[in-house]
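Values in this document were obtained by computation on a predicted structure and should not be read as measured data. In the text below, chain A, chain B and the rest are named by the order of the sequence lines, each starting its count at 1.
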Amino acid sequence: MDWNEERTATLRKLWLEGMSASQVARQLGGVSRSAVIGKVHRLGITVREVPTRQRSAVRTAVRAQPRTRTIRDTAPVQRSALRLVEVAEMAPTANILGLEIHSCRWPIGNPDSHDFGFCGREKTARGSYCDEHARGAFRKLASPSEVKAWARQPAAHIERHTA
DNA sequence: CCCTGATTCGC
DNA sequence: GCGAATCAGG
C-alpha cells in the first residue's frame, strides 16, 4: 500500500476534518494508525481545522453500529426483527466523505471495513434518518410488564441473533 | 480496558 | 519517505 495522490488527498481531507488517526487508517484500509500519524507529520498538517472539542460528531458517525447488543435493547428489537433485517439490507449510498446535511446517517456495514457507509438517502428535516430507517430506529416504549418478561430471558440465546 | 497524538530511528 | 515501537497521556 503506497501513498499515491488519491490516498494522500483522502488522508489530508479526513484529517483536516478532525478524524482521528486510527479512524483515517480504517477508512483508507491497509495502513496502521502509526502510518497515518507519520504521514500527517511528513505532510506538515499537524494543526487541524476542526478543534478537538468539536470532533465528537465525526467520531460518533465513524464508530456507529453497535458491536453487541445487551439484553436491554435486544429484547424489543426481537419483535420487529424481520423489518430490521430488511432495513439493514438497504445498500449504502454514501461514505463519510459523501455525507451531506440532508443525508440519512444510518450506518451500514462494519465500520472497520472499506465498504462501510451510510444510507445517505434523503432524511427527514429534523431527524437523522430517512423515513425507512427512522421506522427501524424508533419504537414505542415497552410496558413495565414487558420489561420484566425480557429480563427473565437468558441473554446468551438472544445475543446470538444480533452479534 | 478503550483510546489520543508525538517522537524516534532502523529500514 | 516510511511506519513500528515507544512515550505520554485521556
Side-chain angles (χ1 to χ4, degrees), chain A residues 1-78 81 84-85 87-90 92-101 103-120 123 127-129 133-134 136-139 141-142 147 150-163:
Chain A
M1 219 75 270
D2 68 319
W3 289 112
N4 58 31
E5 250 177 69
E6 191 194 342
R7 288 169 63 78
T8 303
T10 304
L11 160 70
R12 187 178 251 114
K13 166 150 192 172
L14 295 178
W15 178 258
L16 290 176
E17 279 177 354
M19 206 180 273
S20 77
S22 61
Q23 287 166 346
V24 172
R26 286 189 292 237
Q27 286 296 309
L28 288 170
V31 281
S32 68
R33 174 180 96 92
S34 294
V36 168
I37 291 171
K39 187 62 179 172
V40 160
H41 277 258
R42 272 171 251 125
L43 288 171
I45 51 172
T46 53
V47 178
R48 305 201 267 188
E49 285 171 4
V50 183
T52 314
R53 286 298 173 90
Q54 286 171 27
R55 270 183 238 155
S56 57
V58 177
R59 264 190 216 167
T60 305
V62 174
R63 248 173 236 177
Q65 204 104 121
R67 282 147 200 183
T68 338
R69 293 175 193 277
T70 65
I71 186 166
R72 249 200 141 106
D73 54 335
T74 298
V77 166
Q78 276 193 309
L84 279 177
V85 167
V87 160
E89 282 173 357
M90 288 169 69
T93 69
N95 60 25
I96 189 73
L97 298 177
L99 272 188
E100 306 281 359
I101 282 178
S103 303
C104 171
R105 275 140 171 84
W106 187 272
I108 298 173
N110 180 342
D112 290 349
S113 159
H114 278 97
D115 50 16
F116 173 74
F118 297 87
C119 165
K123 77 175 184 64
S128 300
Y129 307 120
H133 282 130
F138 306 112
R139 67 193 67 255
L141 287 174
V147 173
W150 307 332
R152 282 195 289 269
Q153 298 284 325
H157 129 274
I158 291 172
E159 282 175 350
R160 192 158 301 138
H161 297 285
T162 51

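Interatomic distance, A/R7 CZ to A/Q27 CD, rounded to the nearest 0.5 Å: 11.5 Å. Here the CZ-CG distance, from A/R26 to A/L14, works out to 12.5 Å after rounding to the nearest 0.5 Å. A distance of 5.0 Å separates CG in A/N4 from CG in A/D2, rounded to the nearest 0.5 Å. For the atom pair A/T93 OG1 and A/L99 CG, the distance stands at 8.5 Å (nearest 0.5 Å).
For the pair A/W15 CH2 and B/dG5 C1', the interatomic distance rounds to 6 Å; values are reported in whole Å. If you measure from atom CG of A/L43 to atom C1' of B/dG5, you get 15 Å, rounded to the nearest angstrom. If you take CG of A/L14 and P of B/dT4, they are 14 Å apart, rounded to a whole angstrom.
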What is the per-nucleotide protein-contact pattern of nucleotides 3-10 of chain C, from the 5' end, where B denotes a base atom under 4.0 Å from a protein heavy atom, S denotes such proximity for sugar-phosphate atoms only, and - denotes neither?
BBB-----
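Dashed line: the shortest gap from a side-chain N or O of A/H41 to OP1 or OP2 of B/dG5 is not under 4.0 Å. A/S22 has a side-chain polar atom (N or O) that falls below the 4.0 Å cut-off from OP1 or OP2 of B/dT4.
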Scan the side chains in residues 29-47 of chain A for donor-acceptor partners under 3.5 Å anywhere in the protein, sequence neighbours excluded, and list what turns up.
unit_1, atom_1, unit_2, atom_2, d
A/S32, OG, A/S34, N, 3.4
A/S32, OG, A/A35, N, 3.0

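The aromatic rings of A/W106 and A/H133 sit parallel, their planes meeting at an angle under 30°, below the 60° perpendicular limit.
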